[in-house]
Peer 1: 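I have a structure here, written as structure tokens, and I will follow up with some questions on it.
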Amino acid sequence: MSAVLTPARLDEALRLLAENPAALAMAGATDLLVRRRGAIPGHEPVLLSLAHVAELQGITEEAAFLAIGAATPFSRIIADPLVHRYAPLLVQAAQTIGGPAIRNMATLGGNICTASPAGDSLPPLYLLDARIELASPAGERALPIAAFILGPGRTALEQGELVTRILLPKAPRFPRERFIKTGRRKALAISVTSFAGRARLDQDGRIAEIRMAWGSVGPTVVRLPALETELVGAPVHAATVERVGLAVHQGVAPISDLRASAGYRRLVAANLATQFVEALGG
Ligand SMILES: Cc1cc2nc3c(=O)[nH]c(=O)nc-3n(C[C@H](O)[C@H](O)[C@H](O)COP(=O)(O)OP(=O)(O)OC[C@H]3O[C@@H](n4cnc5c(N)ncnc54)[C@H](O)[C@@H]3O)c2cc1C
């Protein structure tokens, strides 16, 4: 059995981590304990529970951003009016994660630190320009999410550091925001492909700004910035929709695995984007 350390404050958590460098941070444990299932008896790692660390809990509004504590479970994020106001796209994604029991345990920080290409909070966080706040005994730093996630299961987290908060800038809302996830069944499914989109139209019904991100079609979240730029000023008609489909089909680089083939994922990624753009028209 693993020893579990249960700090109540962040400074205590960081001190315990410094004293036990091999300890594993544990938030909701929905990823960690699944991955540690094969630990050799007598050699289980020490676990550092973050569940009671006050600074890592809850959602607060600051002047320029919304701050979500890393150990805040998705059920709390879904229920929070501030997240509905400033980050409805994150609410849409959080509602698709696991089932109610998983959402009561699984945390936003855990989803980010797992850095799975299928992590459902990630495409919205990229589009919301999320910054990841980190703390260690040496001090604090914050990184844009795209700089924090380095590859499947790899992050910029350094020895002795913990993710403390996820910072979401309080930018004006986009009138059209959509998260769509496709899986092998409707609930409790890992994403085969996911899509997040935000867009606004100008007075003439042309695209004024569009942001898109895909999950499970590359080692990390995929964005196509050249396509986003190219679409500014484009009317929402069939030729634009076709252009989007083609660009996405060529731009994503999925792999084949147990859940789906690369070709299927490529097709779904293109379809999710064309559906989103088509719906902007009305
Ligand atoms: C049945 C089931 C269904 C699931 N469905 C989905 C789904 O639909 N979509 C989806 O995206 N995921 C899903 N997951 C995966 C998992 O629930 C999520 O990734 C979840 O957000 C992980 O959060 P956690 O708090 O449980 O993390 P934990 O398991 O506690 O930790 C995960 C990793 O992050 C590290 N970590 C956690 N918090 C911190 C921190 N503050 N600082 C530093 N390191 C930290 C841990 O050390 C560990 O390496 C599912 C899992 C299960 C078991």
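Order of appearance sets the numbers: ligands from 1, and atoms from 1 within every ligand. The residues of the chain are indexed from 1 along the displayed sequence. Owing to the predicted nature of the structure, the values given are computational and were not obtained by experimental measurement.
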Peer 1: I'd like to check which ligand 1 atoms, numbered from 1 as shown, lie under 4.0 Å from a non-hydrogen atom of Ala29.
Peer 2: 24 (P), 26 (O), 28 (P), 29 (O), 30 (O)

Peer 1: Please check whether Ile102 reaches ligand 1 - meaning an N/O of the residue sits under 3.5 Å from an N/O of the ligand, judged on distance alone.
Peer 2: no

Peer 1: Under a 4.0 Å N-O cut-off, is there an ion pair linking Glu161 with Arg141?
Peer 2: yes

Peer 1: So if I count the atoms of ligand 1 from 1 in the order they appear, which ones are less than 4.0 Å from some heavy atom of Leu50?
Peer 2: 38 (N), 39 (C), 40 (C), 41 (N)

Peer 1: At a non-hydrogen distance cut-off of under 4.0 Å, which region of Arg165 contacts ligand 1 (side chain, backbone, both, or neither)?
Peer 2: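 None of Arg165 does.
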
Peer 1: What do the steps show when you test Arg165 against Glu55 for salt bridge (Lys or Arg N to Asp or Glu O under 4.0 Å), and what is the final call?
Peer 2: CA-CA 9 Å; Arg165 299 189 300 172; Glu55 292 91 333; over 6 Å; no

Peer 1: Is it true that Glu61 and Lys170 make a salt bridge, defined as a side-chain N closer than 4.0 Å to a carboxylate O?
Peer 2: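 Result for this pair is yes, salt bridge flagged.
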
Peer 1: Mark yes or no for whether Asp11, through its side chain, and Leu14, through its backbone, hold a donor-acceptor pair below 3.5 Å.
Peer 2: no

Peer 1: Hey, which atoms in ligand 1 end up nearer than 4.0 Å to a heavy atom of Arg35?
Peer 2: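 It comes down to these atoms of ligand 1: 32 (C), 33 (C), 48 (C), 49 (O).
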
Peer 1: Show the atoms of ligand 1 that are less than 4.0 angstrom away from any heavy atom in Thr96.
Peer 2: 8 (O)

Peer 1: Only heavy atoms count here, so choose which of Gly69, Ala27, Ala25 is nearest to atom 30 (O) of ligand 1.
Peer 2: Ala27

Peer 1: My understanding is that we take every heavy atom of each candidate and find the minimum distance to atom 17 (O) of ligand 1. Doing that for Asp120, Thr164, Thr30, Ile97, which one comes out nearest?
Peer 2: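 Heavy atom nearest to atom 17 (O) of ligand 1 belongs to Thr30.
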
Peer 1: Would Leu56 end up clustered with Leu5 when hydrophobic side chains under 4.5 Å apart are linked, directly or stepwise?
Peer 2: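 Yes; tracing contacts between hydrophobic side chains, which count when under 4.5 Å, links both residues.
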
Peer 1: Using distance alone, decide if ligand 1 has a nitrogen or oxygen within less than 3.5 Å of any nitrogen or oxygen in Cys113.
Peer 2: no

Peer 1: Taking only residues two or more places apart in sequence, or in another chain, which ones meet Arg85 in a salt bridge (charged side-chain N to carboxylate O under 4.0 Å, His left out)?
Peer 2: none

